[in-house]
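Start at 1 and go down the list; that is how both ligands and their atoms are numbered.
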Amino acid sequence: MIIAIDGPTASGKGTLAKRVAAHYGFHLLDTGLLYRAVAQTMRDAGQSLHNENAATLVAQKLDFEALDERRLRTREIGDAASVISVYPGVRQALFEGQRLFAQKQPGAVLDGRDIGTVICPEAEAKLFVTATPEIRAHRRWLELVKQDPALSEESVLEDIRRRDERDSNRSHAPLKIADDARLLDTSGMDIETASREALRLIEASLSRKG
Ligand code: DC
């Protein structure tokens, strides 16, 4: 059983994916961490993010089991990940590992940008989680301002718009809603409401398929 959860940055899809995986007792893969890890490894090695061949080699050697989430979840690495994720070689190198993960039993939840469209088009349930850029920026700012009190909400909104633009307009596997995905706009929802709604939409998809 595969559940695909896609959506733009700071839409809340990561939190929802965790809750959905816990609810069903499924394995969880946050695929954004894979792109972040490629970017981080390149940074550590002093390589330019604009070197597609180097990024592809790093992606080919990436160990999915050794992702240091705390280190990868910074604003800079998120932005760098968005740069290297446009390279077809990087996406190709990460494809098989994601496909393999999706076969785990009793089931897997994968969250990202292209899970329902490219990685697992056969997923039994697909959600596309979104919210307005302003609301996503506000949520992200609330998280980041704890470490950086001088951070302005406006600069976070600019980051989000830049990431949306890059993720949606790249030629390979752009962020877009799959034809058979259910849309969940969390703009007016708290996390409890959004979680309930996510489970309701997934159950509706599963009962239609079963
Ligand atoms: O979800 P995130 O913020 O951790 O993702 C970081 C970047 O990685 C995102 O801007 C685009 C890229 N990404 C991708 O291209 N495809 C995915 N399935 C997941 C992330």
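Side chains of Asp190 and Thr193: a donor on one and an acceptor on the other come within 3.5 Å.
If you chain together ILVMFWY residues whose side-chain heavy atoms come under 4.5 Å of each other, Phe128 ends up grouped with Leu175, Ile177, Leu183.
Put simply, the side chain of Leu94 reaches to within 4.5 Å of the side chain of Phe64, judged on heavy atoms.
Within the structure, side chain to side chain donor-acceptor pair (under 3.5 Å) pairs that include any residue of residues 2-15 comprise Thr9-Arg163 (at least two apart or interchain).
Residues forming a side chain to side chain contact (heavy atoms under 4.5 Å, CB included) with Ala54 (at least two apart in sequence, or on another chain): Met42, Gln47, Asn51.
If you look at ligand 1, the protein residues with a non-hydrogen atom under 4.0 Å away are Thr9, Lys13, Thr31, Gly32, Tyr35, Arg36, Ala81, Ser82, Ser85, Arg91, Gly112, Arg113, Asp114, Arg163, Asp167, Arg170.
Checked by atom type and distance alone, the side chain of Arg99 pairs as donor or acceptor with a backbone atom of Ile119 at under 3.5 Å.
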